[in-house]
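Data block below; observations after.
The figures that follow rest on heavy atoms only: side chains count, while hydrogens, waters and symmetry mates do not.
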Amino acid sequence: MTRKFIFIALTILAALQVQALEVVNTAGHLSEKVKNHDIADLIVSGTMDANDFYFIVEKLTRLKTIDISQANVLACQTGKMHYWVRNFAAGVLPAGAFADMNLTSVKLPSALTAIGDGAFAGCDKLTSITWPASLQTIGDYAFAGCSALKVVTLPASVASVGDGAFMRCTSLTSLTVASPSQLRHLGNAAMMDCSSLTSINLGSSVQEIGERAFAGTSINRLNLSGSTSLTTVGKWAMVQTPVREAHLPSSLTQLGDGAFLYDANLTTVELGNNVSQLNNYLFAGTGLNGALDLTGVSSIGDYVLYNVTGMSVVELPATVTWIGSYAMAGMTGMTSMISNAVDVPSLGENVWAGVDQKNIPLTVPKSSIGAYKAAAQWQEFKLANTWLKGDVNNDGEVNIADINALVDIILGSVVDGDTMLRADVNEDGEVNIADVNALVNIIMNPSLLMSMRIDTDDLLHLDDVAIQPGEERTVDIRLDNAEGYSALQCDITLPQGLSLVGVKCGKDQLLKSDGMDDMTSRVVLYSMDRQRFDGDCVITITVHADAALSTEGEIQLTHVVLADEDNVGWHAANYSALVTNSTGVEDLTANADRLWVEGRTLCIETRNHGNALVASINGSARSITVEQGVNRYELEPGFYVVTVNGKSHKIAIK
């Protein structure tokens, strides 16, 4: 019994020894070196050519491992054609060299420069590959169907990976090109249907990624921002992938048709700013839900954002000239459309089919509003910026009356949708006190000047001021003939040598004062609870005089706007008061005149007997006599400049 057991063991050991073979080969003679075709492991050194590789694939069908790292591949011409080729180059693993074999491990020649088409196609048990540092090219479908491969790290020398090179490598989880990568080209469908693939690193040199390159993979974060030479990503590149975010480099210029078609997981894309054309179906059916930066885009193809229901705001850059058919059809989540293009972009058919355009505001350049209103499909939107920014009451001006209108809305006034859009001054989707601040900032802008028309008799004025250099004076600005105003604004201009130290208002009003320049300050006064002005003094200013103050100057109140309870802005006449550095108050008050209007009556109060000049804006003028005390004169409706004792006053008679 023991003798029989020993015999069996020796037989098995002998069989194992027969299966392992190491040979030194001369190119074309491997078939002479390997007589046992049932070997599992083979090590070849010396030289090899295509004849040797086709002997291996045809005859050594039980081979599991092969080490040819010490072999050199020579050029040859075969006796019969293999894969439509008869002549084979040196340094290249021939096409189909190990196709469909049961190999598990391969060590490639150390001087190999290329792997031919389909060289390992169908090797579904291959798990280990030793790559040569000299490798430059991986041919089409070279490892297609190698379903046991899990991790591939290509040497930095690889410059090109062919079409379908790793297609259907279903266990492959990552593919990396060692640094510093020389990879320039990744072929069509190179990793298509690698269903386990989640990680790729192609390096900074890759210039082109082919069509369907990652289709059907499990990549959920496509970060190509480090591929700073990449210019082209082919059609359908990410079809049927779960990519959630895509970061593309600024070098990218071409993104092919349907590159992210129906990737429902995709919420964020960084395009860079050099993609000028969004090709057909590019983001159709994706889950994009944030802002998509389209800087530099000139053309948007058919169905580009078709059924992208999560995106609320679409903003087109000024460069867009064409939007294709159904490009934004089905975007039912859209709430705002912005076009920065001055020339109305041309459109294909049914660009916004299924979108509730009539309830979506469209913002366009002000100079182009008429053109968009007249353009087919564009005209279906609600033009959102036919008003000035901040013009809440829609009267064509931005002034204190808009603050009153905005305060009413904040306090609960019910208004229509357009008014609510105008009230959202800071454009954050809400109407609140932040919009009041934003509106005040607009009004305080030095470039914003109110209309010079005068349409109210009411007058903002102050008394003449006597002040010496080094002194401060407090001056009341009063409101005469007030008709229920709760807000006002004006510009206060001081003469040289006089500076504004402080501005105050009543306890129920809020005040904002900013310097427009060295001489002029703009004042805005309003009430959050709409309290009317109480008493005739509405603003108190404190001024300081220095040595530069001349003998006589003027404090001017200009651009005066008063807001009433109906949120209407009324424009009052300018007013100026004399400023003198006289040493005695009596010298100034002796020349103090006061003008106001009662209906159609001009009232002049003076301390001096003399004449006044009344000039209408149509150019006619007449002299009238004024006595000490109050003088009254009937005038026809119109605007007048009244000069009394050398000082001019602008008035309106209704």
| said: Tell me which pairs pass ring pair (Phe, Tyr, Trp, His ring centres under 6.0 Å) where either residue lies in residues 152-181, with sequence neighbours left out. | reply: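 Applying ring pair (Phe, Tyr, Trp, His ring centres under 6.0 Å) to every pair that reaches into residues 152-181, excluding sequence neighbours, yields Phe143-Phe166.
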Please output the side-chain donor-acceptor pairs of residues 288-297 that fall under 3.5 Å, not counting sequence neighbours, one pair per line with the distance.
unit_1: Asp293; atom_1: OD1; unit_2: Thr295; atom_2: N; d: 3.0
unit_1: Asp293; atom_1: OD1; unit_2: Thr295; atom_2: OG1; d: 2.5

| Plane angle bin for Tyr54 and His82 - parallel if under 30°, tilted between 30 and 60°, otherwise perpendicular |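 Ring orientation of His82 relative to Tyr54: parallel.
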Beyond-backbone contact of [X] with [Y], side-chain heavy atoms, under 4.5 angstrom:
{"X": "Leu224", "Y": "His247", "result": "no"}
{"X": "Leu63", "Y": "Asn102", "result": "no"}
{"X": "Trp131", "Y": "Val106", "result": "no"}
{"X": "Val431", "Y": "Ile410", "result": "yes"}
{"X": "Met191", "Y": "Leu175", "result": "yes"}
{"X": "Phe53", "Y": "Val73", "result": "yes"}
{"X": "Val392", "Y": "Ile409", "result": "yes"}
{"X": "Glu380", "Y": "Trp352", "result": "no"}

| What's the verdict on side chain to side chain contact (heavy atoms under 4.5 Å, CB included) for Met101 and Val57, showing C-alpha distance, side-chain angles and the deciding distance? | CA-CA 7 Å; Met101 293 190 72; Val57 74; 3.9 Å; yes
Between the main-chain N or O of [Y] and the side-chain N or O of [X], is there a donor-acceptor pair closer than 3.5 Å?
{"X": "Ser134", "Y": "Ser110", "result": "yes"}
{"X": "Asn350", "Y": "Ala353", "result": "no"}
{"X": "Thr127", "Y": "Thr104", "result": "yes"}
{"X": "Asp257", "Y": "Leu282", "result": "no"}
{"X": "Gln489", "Y": "Val524", "result": "no"}
{"X": "Asp402", "Y": "Asn399", "result": "yes"}
{"X": "Asn188", "Y": "Asp163", "result": "no"}
{"X": "Ser204", "Y": "Gly226", "result": "no"}
{"X": "Ser227", "Y": "Gly203", "result": "yes"}
{"X": "Asp435", "Y": "Val425", "result": "yes"}

Do you know which two heavy atoms are closest between [X] and [Y], and how far apart they sit?
{"X": "Asp514", "Y": "Met444", "answer": "N-CE, 3.3 Å"}
{"X": "Gly118", "Y": "Ala99", "answer": "O-CB, 3.7 Å"}
{"X": "Val355", "Y": "Met331", "answer": "CG2-N, 3.6 Å"}
{"X": "Leu93", "Y": "Phe120", "answer": "CD2-CE1, 3.5 Å"}
{"X": "Leu112", "Y": "Val92", "answer": "CD1-C, 3.9 Å"}
{"X": "Val239", "Y": "Gly258", "answer": "CG2-O, 3.5 Å"}

| request: Would you mind listing every salt bridge (Lys or Arg N to Asp or Glu O under 4.0 Å) that reaches into residues 105-123, with sequence neighbours excluded? | output: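 Pairs touching residues 105-123 that pass the test: none.
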Could you give the distance from [atom1] ([X]) to [atom2] ([Y]), rounded to the nearest 0.5 Å?
{"X": "Met328", "Y": "Gln377", "atom1": "CE", "atom2": "CD", "answer": "11.0 Å"}
{"X": "Thr253", "Y": "Asn273", "atom1": "OG1", "atom2": "CG", "answer": "11.5 Å"}
{"X": "Asn223", "Y": "Ser199", "atom1": "CG", "atom2": "OG", "answer": "10.0 Å"}
{"X": "Ser174", "Y": "Ile200", "atom1": "OG", "atom2": "CD1", "answer": "10.5 Å"}
{"X": "Ser160", "Y": "Leu183", "atom1": "OG", "atom2": "CG", "answer": "7.5 Å"}
{"X": "Thr170", "Y": "Asp193", "atom1": "OG1", "atom2": "CG", "answer": "9.5 Å"}

| said: As a test of understanding, state which of Val320, Val351, Thr321 forms a side-chain contact (heavy atoms from CB on, under 4.5 Å) with Pro345. | reply: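 So, applying the side-chain contact (heavy atoms from CB on, under 4.5 Å) to Pro345 and each of Val320, Val351, Thr321, only Val320 qualifies.
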All N/O donor-acceptor pairs, side-chain side in residues 144-157, below 3.5 Å, sequence neighbours left out:
unit_1: Ser157; atom_1: OG; unit_2: Ala133; atom_2: O; d: 2.8
unit_1: Ser157; atom_1: OG; unit_2: Leu135; atom_2: N; d: 3.4
unit_1: Ser157; atom_1: OG; unit_2: Leu135; atom_2: O; d: 2.5

| message | Salt bridge or not between Asp424 and Arg422? Use side-chain N to carboxylate O under 4.0 Å. | response |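 Answer for the salt bridge query: no.
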| query | Would Leu197 and Leu172 count as a side chain to side chain contact (heavy atoms under 4.5 Å, CB included) if you check the C-alpha gap in whole Å, the side-chain angles of each, and the deciding distance to 0.1 Å? | reply | CA-CA 5 Å; Leu197 184 67; Leu172 186 65; 4.2 Å; yes
[X] atom [atom1]: more than 12 heavy-atom contacts under 6.0 Å:
{"X": "Asp343", "atom1": "CG", "value": "no"}
{"X": "Glu349", "atom1": "CD", "value": "no"}
{"X": "Gln277", "atom1": "CD", "value": "yes"}
{"X": "Arg184", "atom1": "CZ", "value": "yes"}

| field | Val364 vs Ile369, side chain to side chain contact (heavy atoms under 4.5 Å, CB included): CA-CA, chis, key distance, verdict | value | CA-CA 6 Å; Val364 301; Ile369 289 173; 3.8 Å; yes
Show me the side-chain donor-acceptor pairs of residues 300-316 shorter than 3.5 Å, one per line, residues at least two apart or across chains.
unit_1: Asp302; atom_1: OD1; unit_2: Ser325; atom_2: N; d: 2.9
unit_1: Glu315; atom_1: OE2; unit_2: Asn340; atom_2: ND2; d: 3.0

| Aromatic ring proximity Phe381/Tyr372, centre distance under 6.0 Å |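 Between Phe381 and Tyr372, the centre distance exceeds or equals 6.0 Å.
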Could you pull out every donor-acceptor pair under 3.5 Å between side chains of residues 205-213 and any protein atom, sequence neighbours left out?
unit_1: Ser205; atom_1: OG; unit_2: Ser181; atom_2: O; d: 3.0
unit_1: Glu208; atom_1: OE1; unit_2: His185; atom_2: ND1; d: 3.2

| message | side chain to side chain contact (heavy atoms under 4.5 Å, CB included) for Ser218 and Ser196? Distances and angles first, verdict last. | response | CA-CA 6 Å; Ser218 293; Ser196 299; 5.7 Å; no
| Between Asn567 and Asp408, a side-chain donor and acceptor under 3.5 Å |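 Yes, a side-chain donor-acceptor pair sits under 3.5 Å.
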